[in-house]
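All of these numbers come straight from a predicted model, not from anything done at the bench.
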Amino acid sequence: MTLLLIASLFLPLFPLSAVFNAALTRTQNPAVRYVLLLVWPQLGVALLQLAAHDVPPYFVPWALMTSGLYALRLLTVRDMGRWAGFLATSGLALAWALAASGADIADLHLFAFWFSLPSAVMALLAHALDRRFGAAYAGLHGGLIGPLPRLSGVLAVTALAAVATPPFPGFFGLLRVLHALDWTGAVAGLAIWLVWGWAATKLLQGFIFGVDRPAPGADIGRASTLAFTGVFGLFVAAGLYLTGGGL
């Protein structure tokens with residue numbers, strides 16, 4: 001049981017999730033934040049593998065409560081870095097539903113990766129906006145699709161991947177979670193997914209859409225755009241392939 005409680009730090013459950021988000025907030029280096037978002041949940045899955053006990057059933061409503069809480073917090077957050085951390089927390093908490101259903105450890109590792117990679121990429125994009133505007137706050141500089149079309153396009157695709165939109169792997173991971181829950185849990189899971197979509201719409205409205213404004217910096221380069229496109233192309237391809245194999 002002790003290992004399960006420690007694992008809830010890394011597959012964050014409220015209130016222990018505050019540790020994860022505090023670590024992200026205090027990490028200023030974007031590369032370190034990127035690695036932290038990818039590695040932190042994998043440590044939680046590794047601890048689940050070491051735990052001698054099965055996941056108790058009461059962890060499932062605890063996970064749904066955590067996921068729902070952070071989904072609602074997304075609606076009030078304007079800072080993209082914090083938004084990425086809250087979304088990762090909301091998505092990763094649902095891994096406990098899979099763990100309680102007896103999912104394979106490999107599936108849990110994949111699930112954690114599907115929900116952490118888009119948030120990690122969003123943390124990099126937040127740094128790019130910080131360098132151009134001094135802060136990555138939604139609504140501070142709207143209408144970026146005109147002056148910064150490549151950055152806006154990458155941001156839109158990243159947001160769609162982060163909120164488990166098909167054909168991104170998070171969508172298939174979320175379907176697996178819904179199948180593992182009873183009907184009341186599935187309804188809660190669908191409500192959480194709806195809030196994610198609502199929050200992503202608000203985020204994109206605050207950054208991309210609106211009246212074009214002069215941008216105090218250059219757009220991201222074509223090489224960077226191709227790199228982001230390649231990452232998400234491989235992300236989708238691997239997700240579709242591996243989903244057919246089990247997840």
Side-chain angles (χ1 to χ4, degrees), residues 1 3-17 20 37-38 40-72 74 86-119 160-200 235-236 238-247:
M1 183 60 68
L3 281 178
L4 290 180
L5 290 176
I6 297 174
S8 65
L9 280 170
F10 296 95
L11 292 172
L13 295 176
F14 184 80
L16 300 175
S17 53
F20 174 55
L37 277 162
L38 290 179
W40 188 280
Q42 300 298 333
L43 295 175
V45 176
L47 287 171
L48 286 181
Q49 188 175 12
L50 294 175
H53 301 281
D54 293 333
V55 176
Y58 61 81
F59 268 67
V60 175
W62 186 7
L64 288 171
M65 183 274 293
T66 300
S67 183
L69 172 64
Y70 279 91
L72 291 173
L74 290 173
F86 287 167
L87 182 61
T89 303
S90 182
L92 292 170
L94 297 177
W96 288 98
L98 286 182
S101 70
D104 185 83
I105 289 296
D107 287 349
L108 291 175
H109 278 295
L110 283 174
F111 183 89
F113 182 68
W114 299 152
F115 277 93
S116 57
L117 178 62
S119 293
L160 291 175
V163 297
T165 304
F168 294 104
F171 171 74
F172 302 102
L174 184 61
L175 286 182
R176 179 73 181 273
V177 169
L178 295 177
H179 282 296
L181 296 168
D182 59 22
W183 74 269
T184 55
V187 170
L190 288 172
I192 290 168
W193 189 29
L194 178 64
V195 175
W196 289 350
W198 183 10
F235 188 54
V236 171
L240 292 173
Y241 175 78
L242 292 172
T243 299
L247 184 58

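- W193 contributes a side-chain N or O that, together with a main-chain N or O of V163, makes up a donor-acceptor pair within less than 3.5 Å.
- Within the 3.5 Å criterion, the main-chain N or O of L9 finds a donor-acceptor partner in the side chain of W40.
- Interatomic distance, I192 CD1 to L72 CG, rounded to the nearest 0.5 Å: 8.5 Å.
- A distance of 11.0 Å separates CG in L47 from CG in L5, rounded to the nearest 0.5 Å.
- Ring pair W96/F111: centre-to-centre distance not below 6.0 Å.
- Side-chain contact between D107 and L98: absent, with no pair of heavy atoms (C-beta onward) separated by less than 4.5 Å.
- Closest approach of A93 and A63 over heavy atoms only: O-CB, 3.2 Å.
- Contact between Q42 and F113 at its shortest, heavy atoms only, is NE2-N, 3.5 Å.
- The CG atom of L92 sits 12.5 Å away from atom CZ of F10, with the distance rounded to the nearest 0.5 Å.
- Judged purely by atom type and a 3.5 angstrom limit, S119 has no side-chain atom pairing as donor or acceptor with the backbone of S116.
- Here the side chains of S17 and Y70 are in contact, with some heavy-atom distance below 4.5 Å.
- Considering every non-hydrogen atom in both L37 and F20, the closest pair reads CD2-CZ, 3.7 Å.
- Taking each heavy atom of A99 and V55 in turn, the nearest pair found is CB-CG2, 3.8 Å.
- Closest non-hydrogen pair, A95 versus L108, comes out as O-CD2, 3.7 Å.
- Atom CG of D104 sits about 9.0 Å away from atom NE2 of H109, to the nearest 0.5 Å.
- Between A97 and V60, the shortest heavy-atom contact is CA-CG2, 4.3 Å.
- Using a 4.5 Å heavy-atom threshold, the side chains of L64 and L181 count as touching.
- Remark: the backbone N or O of F86 is not paired with any side-chain donor or acceptor of S90 at under 3.5 angstrom.
- Within the 4.5 Å cutoff, no side-chain heavy atoms of V195 are placed close to those of L74.
- In this structure, the side chains of S67 and W196 come closer than 4.5 Å at one or more pairs of heavy atoms.
- With rounding to the nearest 0.5 Å, the separation of CZ in R176 from OG in S101 is 6.0 Å.
- With a 4.5 Å cut-off on side-chain heavy atoms, F59 and L13 count as touching.
- Heavy atoms from other residues, nucleotides or ligands lying under 6.0 Å from CH2 of W62 number more than 12.
- With values rounded to the nearest 0.5 angstrom, L16 atom CG is found 11.5 Å from L11 atom CG.
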